[in-house]
There are 2 protein chains.
Amino acid sequence: MQTATPTPAERTVTATMQVLPRTLTVARADAAPAPIKTLCSTCHLKDLCLPCGLTGSDVERLDSLMFARRRVKEGQALYHEGEKFQFIYAVRSGTFKSVLTLKDGREQVTGFQMAGELMGLDGLASGKHASAAVALEDAEICAIPYSHLSELATVSPDLQHVISRLMSREIVREHSLMMLLGSMNAEERLAAFLLNISQRMKARGYSATEFHLRMSRAEIGSYLGMKLETVSRTFSAFQQQRLLEVDKKHVRIVDLDGLTHAFEMRVQ
Amino acid sequence: MQTATPTPAERTVTATMQVLPRTLTVARADAAPAPIKTLCSTCHLKDLCLPCGLTGSDVERLDSLMFARRRVKEGQALYHEGEKFQFIYAVRSGTFKSVLTLKDGREQVTGFQMAGELMGLDGLASGKHASAAVALEDAEICAIPYSHLSELATVSPDLQHVISRLMSREIVREHSLMMLLGSMNAEERLAAFLLNISQRMKARGYSATEFHLRMSRAEIGSYLGMKLETVSRTFSAFQQQRLLEVDKKHVRIVDLDGLTHAFEMRVQ
DNA sequence: CGCGTTCTTGACTAGCGTCAATGTGAGTGG
DNA sequence: CCACTCACATTGACGCTAGTCAAGAACGCG
């Protein structure tokens with residue numbers, strides 16, 4: 001049985017991958033281009049991430065790009081809103097939030113990204129990132145130079161198709177969030193959120209019913225279009241309904257079917 | 001895994017479907033005349049639509065696809081949720097809404113499309129349309145076979161880039177809608193909506209301050225995450241504040257600056 | 001002309017936001 | 001090691017925004 005904390009698995013993998021110049025990475029942290037290069041073909045996330053669905057030759061082509069790896073500390077931004085768009089980023093470990101900021105300072109979390117998920121696709125439209133990406137815990141990413149990826153896509157129709165499909169998936173994801181924000185009440189929103197997290201944890205080999213949330217009540221609230229107090233109250237309500245057991249950020253889904261059926265919706 | 005790579009099979013199927021039976025589609029749609037083919041190079045919408053930003057040779061390539069035109073009557077669906085994805089559609093005239101439906105019947109309008117705008121990009125993710133597109137008035141569209149477009153993109157990097165950018169733009173658009181739904185009140189929502197419509201009308205050569213809305217109060221409400229009564233009340237409130245003059249679907253923006261400054265936000 | 005649909009407006013209410021007090025755990029420094 | 005702070009979470013009391021229900025007006029359509 002997998003624990004909810006990703007640390008053990010993560011550590012092993014990271015250790016094997018970073019045989020070479022680890023010190024360099026740590027030393028340079030986030031400043032210069034990172035010295036560690038990554039190969040998709042040997043990555044443990046290849047079935048979740050960019051190369052998913054690609055055949056050997058295409059994955060080899062991706063390998064030739066040698067994506068740079070970079071560590072991002074908790075609270076640090078990987079990129080800011082308005083910053084020049086050059087890379088798309090794949091999460092290797094850790095969790096990120098994507099945030100929009102209004103002129104008056106109001107923030108809106110537009111998504112949470114976990115291992116294997118891509119960030120930054122919104123920057124392509126205007127050449128500038130349309131949102132910021134902030135690490136919710138110490139994290140590691142692959143930086144994928146869009147221009148190189150784009151070149152490669154001219155050679156490989158399959159790769160091109162994969163990229164298009166990933167962008168389309170992001171559109172679909174946002175559709176269901178709009179549904180959530182536009183026509184669901186507080187309990188439905190939180191249930192949908194938890195079920196979504198649950199699925200994604202499961203897809204990554206973790207327990208689908210017990211996990212640590214990496215985001216605060218305020219961040220959940222922003223994402224779901226409600227205030228942090230309402231998030232907290234709704235957690236308590238679920239606990240009283242014997243659907244969950246909650247202790248701060250640790251969540252155990254007691255009645256997954258109950259949660260699913262009571263708030264059945266198009267998921268994903 | 002396997003389902004993730006539909007490319008080869010899909011292409012064959014779509015290709016065979018494509019050549020002949022488009023006549024059927026049109027005939028079935030509603031007693032339409034023989035299929036009319038369209039050239040991007042001579043289209044009056046070329047600066048707003050797919051070919052925007054492409055050079056002569058690329059536009060010629062698009063011309064070779066000879067997109068079929070189709071009329072869609074008010075209230076008729078161009079495609080339904082769950083329907084097989086084969087085409088993306090460009091609006092030639094008229095207005096559409098994109099709609100998601102929850103199992104319990106609740107609907108969410110995820111967007112309104114005007115002349116020159118594309119629909120159906122969300123279908124690429126899973127090979128099935130993730131939303132339905134319904135005409136709000138008698139309309140005409142170009143049906144763009146995705147498989148052909150995709151083939152063409154392998155020859156032309158610029159075209160490929162344009163497609164990616166259009167998808168990214170859709171992501172950004174949905175971002176700002178999420179901001180709206182997640183953190184704005186009724187007046188801000190309606191103001192943002194009207195300013196957005198205003199801009200798009202202007203880009204199409206119409207007045208930016210006086211126009212007919214093609215959607216009902218209920219549809220606006222669904223899009224903005226509020227009830228139709230609240231939409232109606234907010235229109236009345238704006239009228240009392242001397243920002244608008246409203247008569248049912250006819251809107252005149254009296255104080256565009258007022259509307260803009262009072263509810264300043266990141267637009268598009 | 002009557003009918004259905006859409007819009008407007010009013011009265012009332014529920015759900016969520018706001019404000020505030022208290023609890024809790026992690027990190028820090030003496 | 002403990003006291004302190006700070007950030008975050010929980011809970012209660014209250015208020016307001018927007019939802020609900022309902023009635024009537026305006027319009028288009030057959």
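Chain letters run A, B, ... following the sequence lines, proteins first, then strands; residues in each count from 1.
Distance, L190(B) CG to dC7(C) P: 13 Å, rounded to whole Å. Per the geometry, CZ belonging to F235(B) stands 12 Å off C1' belonging to dT8(C), to the nearest Å. Nucleotide dT9(C) holds its C1' atom 12 Å from the CG atom of L228(B), rounded to whole Å. Protein atom CD of E74(A) is 13 Å distant from nucleotide atom P of dA26(C), rounded to whole Å. The distance from atom CZ of R106(A) to atom P of dT18(C) is 11 Å, rounded to the nearest whole Å. In this entry the distance linking NZ of K249(B) with C1' of dC7(C) reads 10 Å, nearest Å.
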Checking side-chain contact (heavy atoms from CB on, under 4.5 Å) for the pair V91(A)/L45(A): CA distance, chi angles, key distance, verdict?
CA-CA 9 Å; V91(A) 181; L45(A) 292 168; over 6 Å; no

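Ion pairing between a basic and an acidic side chain is recognised when a charged N comes within 4.0 Å of a carboxylate O; R204(A) and E117(A) show such pairing. Classification of E83(A) and K128(A) as a salt-bridged pair fails, no side-chain N sitting under 4.0 Å from a carboxylate O.
Side-chain rings of F112(B) and Y223(B) approach one another, their centers coming within less than 6.0 Å.
Rounding to the nearest 0.5 Å gives a distance of 9.5 Å between CG of L78(A) and OG of S98(A). Atoms NZ and NE2, from K248(A) and H212(A) in turn, are 13.0 Å apart once rounded to the nearest 0.5 Å. Here CZ of R214(B) is found 15.5 Å from NZ of K97(B). Values are rounded to the nearest 0.5 Å. With rounding to the nearest 0.5 angstrom, the CD atom of E140(B) is 10.5 Å from the CG atom of D138(B). Separating the OG1 atom in T38(B) from the CZ atom in R69(B) is a distance of 4.5 Å, to the nearest 0.5 Å.
A rotation axis mapping the C1' atoms of four pairs onto the next four is fitted at both ends of the helix from dC1(C)-dG30(D) to dG30(C)-dC1(D) over five pairs, and the angle between these axes is 40° to 10 degrees.
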Sequence neighbours left out, cut at 3.5 Å: what donor-acceptor pairs do the side chains of residues 224-244 of chain B make with other protein atoms?
{"unit_1": "T234(B)", "atom_1": "OG1", "unit_2": "T230(B)", "atom_2": "O", "d": "2.6"}
{"unit_1": "S236(B)", "atom_1": "OG", "unit_2": "S232(B)", "atom_2": "O", "d": "3.1"}
{"unit_1": "Q239(B)", "atom_1": "NE2", "unit_2": "V246(B)", "atom_2": "O", "d": "3.3"}

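Screening D122(B), T110(B), T101(B) against S131(B) for a side chain to side chain donor-acceptor pair (under 3.5 Å) leaves a single residue, D122(B).
Residue contacts for S216(A): at a heavy-atom cut-off of 4.0 Å it reaches the sugar-phosphate backbone alone, with no base atom in range.
Listed by chain and residue number, nothing satisfies the salt bridge (Lys or Arg N to Asp or Glu O under 4.0 Å) test with E174(A) (two or more places apart in sequence, or in another chain).
Ring pair F85(A)/H129(A) is perpendicular by interplanar angle, where above 60° counts as perpendicular and below 30° as parallel.
When DNA chain D is scanned 5' to 3' for any atom under 4.0 Å from a heavy atom of chain A, the first and last hits are dA9(D) to dA13(D).
Not one side-chain nitrogen or oxygen of T230(A) sits closer than 4.0 Å to the OP1 or OP2 atom of dC16(C).
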Using a cutoff of under 3.5 Å, can you pull out all pairs of nitrogen or oxygen atoms linking the protein to nucleotides 19-21 of chain C, with atom names and distances?
{"unit_1": "dC19(C)", "atom_1": "N4", "unit_2": "E229(A)", "atom_2": "OE2", "d": "3.3"}

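Applying a 4.0 Å cut-off to non-hydrogen atoms, none of the residues of residues 219-227 of chain A approaches DNA chain D.
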